[in-house]
Undergrad: 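Sharing a structure here in structure tokens format.
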Amino acid sequence: MPKKARRAITRSTSRTAAAQRRPSKSSAVLKALREDIVAANRILAHYGVLDAYGHVSARHPDNPEHFLISRSRAPELVTAADLMVLDKECNPVEGDARQPYLERFIHGEIYRTRPDVAAIVHSHAPAVIPFAASSVALRPIYHMAAFLGRGVPVFDIRNRFGPTDLLVRNHDHGRALAESLGESDVALMRGHGYVAVAPGVPLAVFRAIYTQLNALLQQQAIALGGSVTYLVPEEAVLAIPTHASTIMRPWELWKRKIGSGK
Ligand code: MN
């Protein structure tokens, strides 16, 4: 074989090998999403929204019927290696034998009923619990929690299923929670916690954090003893778009706080 032809073959082979080594666009998106889910777990633990319990998930970018979520592990400890892919029945794919979260049905049933939702946080953050137990509704007290102005339904599992251990343990429980959530961004769970949903991981983290902060501030305002003025729906509508358009600012900061991101 002439030397020139041999060189051309070698070049073409090494180009193919390089292309194979280079991750496809979709695997780059998946890798970034996996990093975001890990960061979300650690950020929410850092800010006291998650402790040993609670979880974060994201819809799979290549298959909208699947979602990514950690194996059953405390959020602060979650790494990329802990992430599992669950199918629409909330079963692990590809024979993954690790223990998934008991309450994965929260995620599966909300993804099924809300095509606009791509990320979900489930939390037991203490400041929010009183509003799930009280006749006082959680309402937006400042612009950072304007998304609460879309309504904050309270899901009471006992109304549908009678006395239980309060956990969302199956598809029926998850479906009932998703029905309560409706088109809202947050639903409280009586005697348990709440869910925050969003079109992406950073915004879901934002909503989970500011739901807890609004609950704290609202309790303080009520404790002052006077009348409390909340955002009116028109103010909420005007304030909401700014959260999405500026989300990378807190996201960058939060990642730095947990030692992630450059
Ligand atoms: Mn729970």
Side-chain angles (χ1 to χ4, degrees), residues 37-38 40-59 67-78 82-84 86 88-92 98-114 117-134 138 148 152-182 184-198 201 204-216:
I37 298 169
V38 172
N41 273 278
R42 302 173 84 109
I43 290 164
L44 291 166
H46 177 84
Y47 286 104
V49 175
L50 302 179
D51 50 16
Y53 300 97
H55 12 92
V56 182
S57 71
R59 195 188 287 278
F67 61 98
L68 295 119
I69 190 166
S70 172
R71 70 181 171 96
S72 183
R73 194 167 200 208
E76 192 171 340
L77 306 179
V78 167
D82 293 313
L83 300 184
M84 307 175 73
L86 303 189
K88 64 178 178 179
E89 299 306 321
C90 298
N91 294 321
R98 294 176 295 173
Q99 175 66 48
Y101 288 121
L102 290 174
E103 295 197 285
R104 57 196 181 278
F105 304 96
I106 292 171
H107 304 261
E109 293 302 328
I110 292 175
Y111 288 127
R112 198 195 298 272
T113 57
R114 286 280 299 271
V117 168
I120 299 172
V121 175
H122 167 56
S123 161
H124 307 159
V128 178
I129 306 300
F131 292 95
S134 162
L138 184 67
L148 298 176
V152 186
V154 179
F155 169 64
D156 189 338
I157 195 168
R158 194 167 69 214
N159 289 347
R160 185 80 71 91
F161 300 98
T164 64
D165 68 357
L166 283 307
L167 300 187
V168 177
R169 285 182 172 273
N170 57 47
H171 289 290
D172 289 344
H173 293 163
R175 203 171 301 125
L177 169 61
E179 278 170 21
S180 283
L181 175 66
S184 294
D185 298 325
V186 174
L188 307 189
M189 302 158 77
R190 195 273 307 164
H192 185 167
Y194 64 105
V195 289
V197 305
V201 171
V205 169
F206 178 97
R207 288 173 180 168
I209 287 175
Y210 284 104
T211 295
Q212 152 110 315
L213 289 176
N214 192 92
L216 278 168

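Each ligand, and each atom within it, is numbered from 1 in the order the structure gives.
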Undergrad: Measuring from Ile106:CD1 to His192:NE2, what's the distance to the nearest 0.5 Å?
TA: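 So the CD1 of Ile106 and the NE2 of His192 are separated by 5.5 Å.
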
Undergrad: Could you name all protein N, O or S atoms found under 2.8 Å from the Mn ion (ligand 1)?
TA: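 Result, waters dropped: Glu103 OE1, His122 NE2, His124 NE2, His192 NE2.
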
Undergrad: From the options Leu181, Val195, Leu177, select the one residue that forms a side-chain contact (heavy atoms from CB on, under 4.5 Å) with Phe155.
TA: Leu177

Undergrad: Quick one: side chain to side chain contact (heavy atoms under 4.5 Å, CB included) partners of Arg207, sequence neighbours excluded?
TA: Phe147, Arg150, Asp185, Ala196, Ala198, Pro199, Leu203

Undergrad: For the CG atom of Asn41 and the CZ atom of Arg73, what is their distance to the nearest 0.5 Å?
TA: 10.5 Å

Undergrad: Is the shortest heavy-atom distance from the side chain of Arg98 to the side chain of Ser72 under 4.5 Å?
TA: no

Undergrad: Between CG of Leu188 and OG1 of Thr211, what distance do you get to the nearest 0.5 Å?
TA: 8.0 Å

